[in-house]
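We name chains A, B, ... by the order of the sequence lines, and we start the count at 1 in each one. Below, each value reflects all heavy atoms present in this structure, side chains not excepted, and no hydrogens, waters or symmetry copies.
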Protein chains: 2
Amino acid sequence: MRQQICDALRGEIMAGEISFNQPVREQNLAKRFGVSRNSVRDALLQLSQEGVLIYSPNCGVRVSSPPTRKESRLYAKLRREIEMHSLEITLSSWTKEDDGNLNRLQRILSVACEQQDLKVITETDLAMHRYWVSKASKELESVWLGITVRMLIAYSQLDNYMQCCLEHAAIVEAIACRDLSAAKKAVALNIRSK
Amino acid sequence: MRQQICDALRGEIMAGEISFNQPVREQNLAKRFGVSRNSVRDALLQLSQEGVLIYSPNCGVRVSSPPTRKESRLYAKLRREIEMHSLEITLSSWTKEDDGNLNRLQRILSVACEQQDLKVITETDLAMHRYWVSKASKELESVWLGITVRMLIAYSQLDNYMQCCLEHAAIVEAIACRDLSAAKKAVALNIRSK
DNA sequence: AATTGTATAATTGTCGACAATATGATTGTT
DNA sequence: AACAATCATATTGTCGACAATTATACAATT
């Protein structure tokens, strides 16, 4: 349940559906999701730890403001480090099933880019990158998520859907060929600050 | 309350007082801290997000195992990036009060090194580095904590107290002189994987 | 002795309620 | 009109209890 609330809220925040610095109320969410406030608290706490929300004791949580340009650049750098490391240590154990999973995600992304559905693009982009990081290490995934989600808060300004789509296709292609060098290049090209 | 539980547990885990992969039970902790289980859950969730504990749905949390050597190297690199960025954007607004706070921490560290009190060393080391990261950005602090705590899980093998002490003194000295280049060098020297 | 099945105990996940704190509205004073 | 004080409402923090799930212990079977 917590994960569902987290995913829904994270998606909305990253898609810019909730304004920056706006308070997020436990009771409203509890009503909306049909659960008790405690369950919502758990989700809000998780999202606070991820950096999507900012927690203040006794005052609840607010939506994080987007990172500064400097911070975004740092996040991009950190992400590249983590994702390249992940590819380095996982590529040799990549399976056909992994290929299939990535291809499926790429297809979803492709359709979303054609339909200019920003929310799905953001979610799928996240899921694709998350795939290789998660394959490397669950701990690393958690670190990566905290960085990536912060960075993607500003993603709502995406202005070139086709390029986004092509970049991800290049990553998937390189991985399918087990070409680490090409995969790293493609990832680095995709992860840059806006 | 949550913060107190978090700090206590984090300290114990980083000091190696709880074995890797050992389950951490809500009820035991609730009894120990004299609070309800819900309050403990919050703390455990936070520590899970930090990477100190590993959460499994319906099965509770376990103490994380230390990072692999490769991962430690990555964490050290990520930490250096974050801490240098933090110094870059904060050094120009560093105050006398900041100097005083850092000096106080350094003194605590010095005494702990003389007494070979590993727990206090770990906590103080963490607090010193956290100081400049937190000064840069609350969001960045949260990302940094997830990385640093993971890295410090293996810290219990510290074998040269005096070197640790001298390295931190060098950082504090460089900051007090507002010498960014020297501060960055000193931080980089201090942050290396074991 | 080793394996499987069942019951019991331990633990987690979620609930609603009460206490504590913060926020907003209203009233009083200058 | 502007500011301070007070009160009412909204919200968070924490509690203990019940439902659901997992782990452990014990009995039965091979």
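Atoms CG (A:L53) and P (D:dT11) sit 16 Å apart, rounded to a whole Å. To the nearest angstrom, C1' of C:dA10 lies 15 Å from CG of B:L29. Spacing between atom CD of B:Q27 and atom P of D:dA23 amounts to 15 Å, rounded to whole angstrom units.
Listed by first and then second residue, the salt bridge (Lys or Arg N to Asp or Glu O under 4.0 Å) pairs that reach into residues 25-38 of chain B are B:E12-B:R32, B:E26-B:R37, B:E26-B:R41, sequence neighbours excluded. Evaluation of the salt bridge (Lys or Arg N to Asp or Glu O under 4.0 Å) test over residues 48-57 of chain A, restricted to residues two or more places apart or in two chains, returns A:R10-A:E50. The ring pair (Phe, Tyr, Trp, His ring centres under 6.0 Å) contacts involving residues 55-99 of chain B comprise B:W94-B:Y131, where partners must be two or more places apart or lie in separate chains.
Looking at residues two or more places apart in sequence or on another chain, you find a side-chain contact (heavy atoms from CB on, under 4.5 Å) between A:R62 and A:N21, A:P23. Residues meeting the salt bridge (Lys or Arg N to Asp or Glu O under 4.0 Å) test with B:E88, sequence neighbours left out: B:K184.
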Considering only nitrogen or oxygen atoms on both sides, find all protein atoms under 3.5 Å from nucleotides 13-16 of chain D and state each distance.
unit_1: D:dG13; atom_1: OP1; unit_2: A:Y55; atom_2: OH; d: 3.0
unit_1: D:dG13; atom_1: OP1; unit_2: A:N58; atom_2: N; d: 2.6
unit_1: D:dG13; atom_1: OP2; unit_2: A:R41; atom_2: NH1; d: 2.8
unit_1: D:dG13; atom_1: OP2; unit_2: A:R41; atom_2: NH2; d: 3.1
unit_1: D:dG13; atom_1: N7; unit_2: A:R37; atom_2: NH2; d: 3.4
unit_1: D:dG13; atom_1: O6; unit_2: A:R37; atom_2: NH2; d: 2.5
unit_1: D:dC15; atom_1: OP1; unit_2: B:S36; atom_2: N; d: 3.4
unit_1: D:dC15; atom_1: OP2; unit_2: B:S36; atom_2: N; d: 2.5
unit_1: D:dC15; atom_1: OP2; unit_2: B:S36; atom_2: OG; d: 3.0
unit_1: D:dC15; atom_1: OP2; unit_2: B:S39; atom_2: OG; d: 2.7
unit_1: D:dC15; atom_1: N4; unit_2: A:N38; atom_2: ND2; d: 3.2
unit_1: D:dC15; atom_1: N4; unit_2: B:N38; atom_2: ND2; d: 2.5
unit_1: D:dG16; atom_1: O6; unit_2: B:N38; atom_2: ND2; d: 2.4

